[in-house]
Amino acid sequence: MIPLNTNLQYLVNIAQKPERIGIGLMSGTSLDGLDIALCRFAGSGLQTEFELLKFITIPYNDHFKDEVRQVFAKRSADMEKLCLLNAYIGNFHAELILQALDQWGIKTIEVDFIASHGQTVYHAPARAHGLVNYPNSTLQIGDGDHIAVKTGILTISDFRQKHIAAGGEGAPLALYGDAILGSKKGENRILLNMGGIANLTWLPGDDLSGIICTDIGPGNTLIDAATKKYFNKPYDEDARIAYLGTINTALLDALLDNPFFWADLPKTTGPELFNLAYVEQAQQRSDTTNISPADLITTLSAFTATGIAAFINKYLPGEDIKLFASGGGASNPFIIEQLQKALPALVIADTRALGIDPDAKEAILFALLGNEALIGSPLKIGDNPAVLMGKFSFAG
Ligand SMILES: Nc1ncnc2c1ncn2[C@@H]1O[C@H](COP(=O)(O)OP(=O)(O)OP(=O)(O)O)[C@@H](O)[C@H]1O
Ligand SMILES: CC(=O)N[C@H]1[C@@H]2OC[C@@H](O2)[C@@H](O)[C@@H]1O[C@H](C)C(=O)O
C-alpha cells in the first residue's frame, strides 16, 4: 500500500483521537475584534460532547478597522487593498492566536486544529444582487494557509462556500451549532444572536426537522455606525445614549419598510443593505432628517428590537417558548427591554442559561464546524444543506 503523506497521516491521527482540542475564530460584521474560543470536543453531530476551555476577544485597533473598512461591504474597492488584506488578515489572526495561547500557557502542539471564519468583506445573496446567472455569493478573507504556516496548526477555513455550492446562501451557519449544542427535546427554543446582523434559530422541542435559521435584519450595525458618526464612540455602551432619546415612530416605520422584511425564509443580509445610507433614505422618506442624534440612536435601537419582535410574532407565535440571546446585542439593556415589551409571553434569557458564553457562541460554532469537517458526517436537519464545510490548510 502507498504510505500516506504526513498531512494525510496527521488528519487520520486527529480523526482517530478520542478527543480533539480546537480553536474557533470569529471576526464578525461589527469589526470589534477577533473572538478566539479554545474548545474540547469528543464525538460529532448530535452526539457531540463539548467544553469551552478558554475564550478571549482581542479588540482590533483603529488602524486595522480603518484598513478593513476600505473594502468592507463596498460595491467598489481597491483590488490591491483586497489582495493585501487577504494575506495580512491571515497573518494577523495567526499572531493573535499565538498571543492568546501564550497568555493561556498553552503550546501550539496541544491544539489539533484551528477553524477560522475569516473576515466577511462582501455578502451578495442572489435575492440582493438580482443578477440572472450569478449564484448566491459571499467573500471571507484572511487566508487559512497563512494561519496554518504561521501557527504550525492545521487550519480549516472558508466554511461558507460549500453551503452556497449545496444550495444555501452561505449563512447563517448557526443552525448546525444551535441544533447540536442548543436543542432540547420537549423544549421550544429560539436562539437569537445579535451581532452586527441579527439572526435566529428556531428549535422546536418535538421535531428538529421543523428548524428555522435565518437572518432577521440589523443587530448593532446601524446603532454602531450612527454612534460613531454622531458621538465618536464605537458603540452605545449599555444603551446610555438610547435611554436619553425617544423613539420616532415615523422614522421607525420607514426603517421597517423594506422588501427584506417580507422576503421568503431563510434569508440573509449584511451591512451592504443595512448601512448609514439606508438610514438617511428612511429619514428623507419620513421627513425626520432633523431629529436629534440621541433620538436617532434610540430609534435605531428600537428598530433592531421591533424587527426581531415582528419576525417572532409572525413566524413563531406561541406561549411555550424560551428565547436565549447571544452576541453583543444581548448586553444592550434597551434592546432586551424593548424585546420583552413586544413579546410579553416569551421567557427571555441569554445563552449562559444553556452553559454557552453569549460572546463566545459564534467562535464556538466555527470550532464545532471544524470538528465536524474532521470527523462528522453531513447533518440533515430540516431543508438545510447537508454538507461538511471548510477547506484544509496544512502547516507543512
Ligand atoms: N455593553 C454593551 N452595550 C451595548 N452594546 C454592546 C455592549 N457590548 C457589545 N455591544 C454591541 O455588540 C457589538 C459586537 O457584537 P458581536 O461581537 O456579537 O458582533 P459580530 O460578531 O461582529 O457580528 P456578527 O455576528 O453580525 O458577525 C458591538 O459593536 C456593540 O454594538
Ligand atoms: C456573511 C456573513 O458573514 N454573515 C454573518 C453575519 O453575522 C450575523 C449574520 O450575518 C450571520 O448570517 C452570519 O454569521 C453567523 C456566524 C452565521 O453564519 O450563523
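When a ligand or atom number is given, it counts from 1 through the structure's own listing order. The figures that follow rest on heavy atoms only: side chains count, while hydrogens, waters and symmetry mates do not.
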How close does the nearest protein non-hydrogen atom get to [atom], and which residue and atom is it?
| atom | value |
| --- | --- |
| atom 17 (C) of ligand 2 | L173 N, 3.3 Å |
| atom 10 (O) of ligand 2 | I197 CB, 3.5 Å |
| atom 6 (C) of ligand 2 | T29 CG2, 4.1 Å |
| atom 3 (O) of ligand 2 | T120 OG1, 2.6 Å |

Distance only, no hydrogens: is a donor on one side chain within 3.5 Å (strictly under) of an acceptor on the other, for [X] and [Y]?
| X | Y | result |
| --- | --- | --- |
| E337 | Y243 | yes |
| T138 | Q140 | yes |
| Y60 | S27 | yes |

Between ligand 1 and the protein, which N/O pairs are shorter than 3.5 Å?
unit_1   : atom_1 : unit_2 : atom_2 : d
ligand 1 : 1 (N)  : D238   : OD1    : 3.0
ligand 1 : 3 (N)  : D238   : N      : 2.8
ligand 1 : 3 (N)  : S331   : O      : 3.3
ligand 1 : 10 (N) : G328   : O      : 3.3
ligand 1 : 12 (O) : N220   : ND2    : 3.3
ligand 1 : 15 (O) : G328   : N      : 3.3
ligand 1 : 17 (O) : D32    : OD2    : 3.1
ligand 1 : 18 (O) : G328   : N      : 2.9
ligand 1 : 19 (O) : S30    : OG     : 3.0
ligand 1 : 21 (O) : E362   : OE1    : 3.4
ligand 1 : 22 (O) : T29    : N      : 3.4
ligand 1 : 22 (O) : S30    : N      : 2.9
ligand 1 : 22 (O) : S30    : OG     : 3.2
ligand 1 : 23 (O) : T29    : OG1    : 3.4
ligand 1 : 23 (O) : G196   : N      : 2.9
ligand 1 : 25 (O) : E362   : OE1    : 2.9
ligand 1 : 25 (O) : E362   : OE2    : 3.1
ligand 1 : 26 (O) : T29    : OG1    : 2.7
ligand 1 : 26 (O) : G196   : N      : 2.8
ligand 1 : 26 (O) : I197   : N      : 3.0
ligand 1 : 27 (O) : T29    : N      : 3.0
ligand 1 : 27 (O) : T29    : OG1    : 3.4
ligand 1 : 29 (O) : D224   : OD2    : 2.6
ligand 1 : 31 (O) : D224   : OD1    : 2.6
ligand 1 : 31 (O) : D224   : OD2    : 3.3

Donor-acceptor contact below 3.5 Å, side chain [X] vs main chain [Y]:
| X | Y | answer |
| --- | --- | --- |
| T48 | G45 | yes |
| D257 | D253 | no |
| K380 | N384 | yes |

(message) Restricting to side-chain hydrogen bond (donor to acceptor under 3.5 Å, both in side chains), what partner residues turn up for Q9, sequence neighbours left out?
(response)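 Residues passing side-chain hydrogen bond (donor to acceptor under 3.5 Å, both in side chains) with Q9: N13.
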
(message) I'd like to check the side-chain hydrogen bond (donor to acceptor under 3.5 Å, both in side chains) partners of T288; sequence neighbours left out, ordered by chain and number.
(response)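 Partners of T288 under the side-chain hydrogen bond (donor to acceptor under 3.5 Å, both in side chains) test: S286.
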
(request) Report the member of K361, Q119, H123 with the shortest heavy-atom distance to atom 1 (C) of ligand 2. (result)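 Among K361, Q119, H123, the closest heavy atom to atom 1 (C) of ligand 2 comes from H123.
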
(request) Check each of M26, Q140, R160 against atom 15 (C) of ligand 2 and report the one with the nearest heavy atom. (result)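 Ranked by closest heavy atom to atom 15 (C) of ligand 2, first place is R160.
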
For residues 64-80, run the donor-acceptor check on the side chains, cut-off 3.5 Å, and write out each pair with its distance to 0.1 Å, sequence neighbours left out.
unit_1 : atom_1 : unit_2 : atom_2 : d
E67    : OE1    : K81    : NZ     : 2.9
K74    : NZ     : R69    : O      : 3.2
D78    : OD1    : E80    : N      : 2.9
D78    : OD1    : K81    : N      : 3.4

Ligand-side contact atoms (ligand 2) for residue partner [X], heavy atom cut-off under 4.0 Å:
| X | value |
| --- | --- |
| T138 | 1 (C) |
| A171 | 12 (O) |
| E362 | 15 (C), 16 (C) |
| H117 | 3 (O) |

(request) Return yes or no for this condition: an N or O of A174 is under 3.5 Å from an N or O of ligand 2. (result)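 So ligand 2 has an N or O lying under 3.5 Å from an N or O of A174.
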
(message) Yes or no: does D215 have any heavy atom under 4.0 Å from an atom of ligand 2?
(response)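 It does; at least one heavy atom falls under 4.0 Å.
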
(message) What verdict does the side chain to side chain contact (heavy atoms under 4.5 Å, CB included) test give for L200 and L191, after you've listed the backbone C-alpha separation in whole Å, the side-chain angles of each residue and the deciding distance to 0.1 Å?
(response) CA-CA 6 Å; L200 158 162; L191 267 56; over 6 Å; no

(message) Testing R160, H93, E362 one by one against H117 for a side chain to side chain donor-acceptor pair (under 3.5 Å), which residue passes?
(response)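 With H117 as partner, R160, H93, E362 yield a single side chain to side chain donor-acceptor pair (under 3.5 Å), made by R160.
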
(message) If you count every heavy atom of other residues, nucleotides or ligands that lies below 6.0 Å from D264 atom CG, does the total exceed 12?
(response)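 No, CG of D264 has 12 or fewer neighbouring heavy atoms, counting only those of other groups under 6.0 Å.
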
